[in-house]
Structures are given as C-alpha cells and as structure tokens.
Asker: 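Got a structure for you, written out below as structure tokens; questions coming shortly.
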Protein chains: 2
Amino acid sequence: MDKHQHKDPAEKLSELGYRMTPQRMMILNAVHNATDHISAEEIYSQVRGQYSHLNLSTVYRTLELLKNLKLVTESDFGEGKVRYHSAEKGHHHHLVCQKCGDVNDVNEAVFTSLTDKLSGDYNFTADLRHLTIFGQCAKCNK
Amino acid sequence: MDKHQHKDPAEKLSELGYRMTPQRMMILNAVHNATDHISAEEIYSQVRGQYSHLNLSTVYRTLELLKNLKLVTESDFGEGKVRYHSAEKGHHHHLVCQKCGDVNDVNEAVFTSLTDKLSGDYNFTADLRHLTIFGQCAKCNK
DNA sequence: TTTGCTATTGCCAACATTTGCAAGCAGCGT
DNA sequence: ACGCTGCTTGCAAATGTTGGCAATAGCAAA
C-alpha cells in the first residue's frame with residue numbers, strides 16, 4: 001500500500017539534505033493519519049504516547065519545515081491556535097462563520113478566477129494552500 | 001475638521017452601551033493618525049508617552065472591541081505579530097511576497113467575483129476586510 | 001567501523017496575545 | 001447623596017509559538 005503516493009516524504013527530505021529522524025517520521029505520520037486538522041499540541045501528546053523523548057519545540061520546528069516543503073498546510077480558524085493538515089490529502093479552503101463558529105470546506109476551484117486576476121493584473125503568483133475566509137454562513141444568514 | 005466622517009466613534013460606542021474612556025480615545029487616535037499599519041506594542045508605547053496610566057492588555061482589549069465594531073481592521077503579515085489599520089481610511093487587501101517580504105496593496109474590487117461566488121454557491125457572506133494573500137511578487141517572478 | 005561535519009534536538013527563556021480576577025468608576029434609580 | 005449594576009481597567013498568570021545555545025545524533029566519506 002501507499003504505492004499511489006508520488007514521493008515518499010522521507011525521500012523528499014533526504015533529497016534536499018534534511019535528515020529523517022524518528023521525531024520527524026512520527027510527526028509526519030501523526031499529521032497524515034489525523035482524520036481532521038490537527039494542532040501542534042495534539043501532535044505532541046499523540047506522538048509522546050509512543051515516543052516519550054520529544055519536545056514541543058521540535059514539533060513546531062518540524063511543522064515549519066514540512067510547511068516549507070509543502071508537505072503540510074496550516075490553517076488558522078481563529079481559535080487562538082493553528083491547525084495542520086497533510087498536503088497529500090488534497091487542498092481545500094475554509095469558510096468560518098463568525099456567528100456560530102461553523103467551519104465549511106470550499107473547493108479550490110472557487111478561487112481560480114481570483115488567482116487568475118492576481119496573476120494577470122499584478123503578476124503575483126498567489127500561494128493559496130489553505131485559505132480561511134471569515135464571514136457569515138448560510139444558516140446564520142437566514 | 002473631521003466633518004466628513006459618517007459617525008463619531010464616541011457616538012458609535014455609547015450607542016451600543018460602551019463608554020468612551022481616555023484610554024479608548026487615545027488608542028483610537030493612535031490607530032487613526034498612524035501613517036501605516038501599526039502594531040499593538042507601537043500603539044502602547046506611543047499612547048504611554050502622553051498618558052502613562054495604560055496597560056498593554058487594555059490596548060489588546062480595545063483593539064478587539066474596535067475590530068468588532070468595524071472601526072479598525074487587523075492584518076497579519078507573517079511577522080509574528082498583528083497590525084491594525086483605521087477602517088475609516090478605506091479597505092484594501094495585501095499581497096505579501098514569500099521571497100522578498102514585499103507588501104503590496106490590492107484594491108477591494110479584485111475580490112468581488114470571489115465574494116459573489118461564495119454568496120451564490122454557498123450562501124456565505126464573506127467578511128473580507130483586510131485579507132492577506134501570500135505568494136510571489138512580480139519582481140521575484142522574473 | 002570509525003571519524004567528522006553539521007543538521008537536529010532538548011531545554012529554557014522570550015515573545016505576542018489572551019484570560020481571570022478584584023478594584024475602580026460611570027450612569028441610573030431611589 | 002446613596003447605592004446598585006455592570007462596563008472598564010490594571011495586574012499577574014496562562015497560552016501558543018519562536019529563538020538561542022549547547023549537547024546529540026544522522027549520514028557520508030575515509
């Protein structure tokens with residue numbers, strides 16, 4: 001299994017001169033196996049369950065690295081902490097309702113006209129991985 | 001002067017049961033008089049120069065309030081701290097270059113097709129005040 | 001296998017921001 | 001004037017995240 005992945009994250013790391021440590025491997029797994037967007041603290045306590053030699057700073061530093069390598073994406077839902085998501089599971093954006101707090105996914109396609117415009121008018125290549133948009137949801141709009 | 005404002009912030013506050021205190025007045029002035037997007041710490045030390053009885057928590061709490069009343073907007077340029085801007089000076093969005101760190105303004109109009117789509121397809125009323133989009137700027141795209 | 005370079009980690013302190021709590025103060029009714 | 005109610009503040013502690021530094025551990029070359 002896992003044959004369908006384009007490239008093993010471990011491979012991707014070592015190709016770029018990074019080292020595959022147990023910490024990184026387990027953090028990567030935690031993000032990948034998470035059913036939903038997962039926080040740094042959650043990753044920390046989850047990994048610690050099987051591998052007690054881990055520091056929270058390492059979690060943050062690893063997530064920063066994985067983010068730069070585009071292996072994970074970061075979302076801020078306005079909870080006072082940030083959440084992470086495996087990039088391999090596909091991109092999508094979020095609509096967060098400021099009234100009821102509901103979070104809904106939006107397909108990337110909704111943003112193509114925006115990125116096209118930014119590219120055409122400003123020659124700016126937008127990096128919209130996990131964008132969060134605040135506002136009022138359908139339910140609260142009634 | 002200031003006759004062109006729609007409504008006095010003091011008036012807007014008291015209408016909603018809030019009080020116009022010296023702290024709030026000076027924080028509001030600091031944001032309004034700032035030539036650029038200003039941080040909480042900057043507001044704090046600036047106001048403290050003329051009014052030493054001020055706590056940093058008050059600055060944060062006041063900014064939170066002004067944000068909810070839509071008197072100021074908040075932008076995160078990825079510096080590890082947030083910046084504020086007077087809403088009365090007009091809305092605009094930001095393109096932040098991940099390579100060179102340059103920040104450019106984009107007119108609100110660029111986003112109308114997006115907000116229309118979100119409204120039509122998802123019945124979601126987007127609250128795009130100061131949106132920040134990361135990517136690569138024209139210079140770095142060459 | 002051993003060595004050596006340096007990326008990586010843990011620990012701890014700093015930073016930006018939020019929160020709980022008790023005291024202070026404004027405006028209202030009596 | 002008095003006290004009540006609830007908004008507002010300062011203070012200090014907590015939270016989420018980042019950064020410096022010295023020790024450790026991958027990995028490649030010998």
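Residue numbering restarts at 1 for every chain, and letters A, B, ... go by the order of the sequence lines.
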Asker: Does the side chain of N55(B) get closer than 4.0 angstrom to OP1 or OP2 of dT9(D) through an N or O atom?
Answerer: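 N55(B) to dT9(D) OP1/OP2: no side-chain N or O under 4.0 Å.
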Asker: Any donor-acceptor pair, under 3.5 Å, between the side chain of R61(A) and the base of dG19(D), if you only look at N and O atoms?
Answerer: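 It does not, because no donor-acceptor pair links the side chain of R61(A) to the base of dG19(D) below 3.5 Å.
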Asker: Rounded to the nearest Å, what distance is computed from the CG atom of residue L54(A) to the P atom of nucleotide dT9(C)?
Answerer: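 Distance check: L54(A) CG to dT9(C) P gives 9 Å.
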Asker: Please determine, for the side chain of R19(A), which listed nucleotide (dT17(D), dT17(C), dA25(D)) has the closest atom?
Answerer: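 Nearest listed nucleotide: dA25(D).
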Asker: Specify the residue among L65(B) and G80(B) whose closest nucleotide of DNA chain D lies further upstream toward the 5′ end.
Answerer: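 Mapping each residue to its closest nucleotide by heavy atoms, the 5'-most match is L65(B).
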Asker: Could you tell me how far apart E11(A) (CD) and dC27(D) (P) are, to the nearest whole angstrom?
Answerer: 13 Å
Asker: Under 3.5 Å, is there a donor-acceptor pair between the side chain of R83(A) and the main chain of F77(A)?
Answerer: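 No; zero donor-acceptor contacts below 3.5 Å.
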Asker: Expressed as a whole number of angstroms, how long is the span from L56(B):CG to dA14(D):C1'?
Answerer: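 Between C1' of dA14(D) and CG of L56(B): 15 Å.
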Asker: Closer than 4.0 Å, any side-chain N/O of T58(A) to the OP1 or OP2 of dT9(C)?
Answerer: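 Answer no for this pair, as no side-chain N or O of T58(A) is under 4.0 Å from OP1 or OP2.
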Asker: Should the pair K67(A)-E64(A) be classified as a salt bridge under the 4.0 Å nitrogen-to-oxygen rule?
Answerer: yes
Asker: Taking only the side-chain heavy atoms of K81(A) (C-beta and beyond), determine which of dC11(C), dG26(D), dG16(D) contains the nearest atom.
Answerer: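 Closest of the options to the side chain of K81(A): dG16(D).
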Asker: Take atom CG of D76(B) and atom P of dG16(D), then tell me their distance rounded to the nearest Å.
Answerer: 18 Å
Asker: Which part of the nucleic acid, if any, lies within contact of R24(B), taking any heavy atom under 4.0 Å across all strands shown: a base, the sugar-phosphate backbone alone, or nothing?
Answerer: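 Sugar-phosphate, backbone atoms only, no base.
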Asker: Got a donor-acceptor contact below 3.5 angstrom from the H93(A) side chain to the L131(A) backbone?
Answerer: yes
Asker: Compare side-chain N and O positions of Q23(A) against OP1 and OP2 of dA25(D) and report whether any pair is under 4.0 Å apart.
Answerer: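 Checking dA25(D) against Q23(A), no side-chain N or O comes under 4.0 Å of OP1 or OP2.
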Asker: Tell me which nucleotide among dT17(D), dG10(D), dT17(C) gets nearest to the side chain of V82(B).
Answerer: dT17(C)
Asker: Applying a 4.0 Å non-hydrogen cut-off, can you work out what S57(A) is touching in the nucleic acid: base, sugar-phosphate, or nothing?
Answerer: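 Base, at least one base atom sits under 4.0 Å.
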Asker: Should the side chain of R48(A) and the base of dG10(C) be counted as holding a donor-acceptor pair, with the cut-off at 3.5 Å?
Answerer: no
Asker: Determine, step by step, whether L54(A) and M26(A) satisfy the side-chain contact (heavy atoms from CB on, under 4.5 Å) criterion, reporting the C-alpha distance in whole Å, the side-chain angles of both residues, the deciding distance to 0.1 Å, and the verdict.
Answerer: CA-CA 10 Å; L54(A) 174 69; M26(A) 302 186 94; over 6 Å; no
Asker: I need the CG-P distance between L16(A) and dC27(D), as an integer number of Å.
Answerer: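 These atoms are roughly 14 Å apart.
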Asker: Within the structure, does a side-chain N or O atom of T21(A) lie under 4.0 Å from either OP1 or OP2 of dA7(C)?
Answerer: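 Checking T21(A) against dA7(C): no side-chain N or O falls below 4.0 Å of OP1 or OP2.
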Asker: In whole Å, I'd like the distance from the CD atom of E41(B) to the C1' atom of dT18(C).
Answerer: 15 Å
Asker: Quick one: is Y60(B) getting a side-chain N or O under 4.0 Å of the dT17(C) phosphate, OP1 or OP2?
Answerer: yes
Asker: Taking the inter-plane angle between the rings of H94(B) and H130(B) on a 0 to 90° scale, is it parallel (under 30°), tilted (30 to 60°) or perpendicular (over 60°)?
Answerer: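 It falls in the tilted class, 30° to 60°.
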Asker: Can T125(B) and N141(A) be said to form a side chain to side chain donor-acceptor pair (under 3.5 Å), step by step?
Answerer: CA-CA 8 Å; T125(B) 311; N141(A) 259 337; 2.8 Å; yes
Asker: Under 4.0 angstrom, heavy atoms only, what part of the nucleic acid is E64(A) near: base, sugar-phosphate, or nothing?
Answerer: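 Nothing, no heavy atom under 4.0 Å.
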Asker: Would you mind reading off the distance between Y18(B) atom OH and dG27(C) atom P, rounded to a whole angstrom?
Answerer: 17 Å
Asker: To the nearest angstrom, how far is L63(A) atom CG from dG19(D) atom C1'?
Answerer: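 Distance check: L63(A) CG to dG19(D) C1' gives 16 Å.
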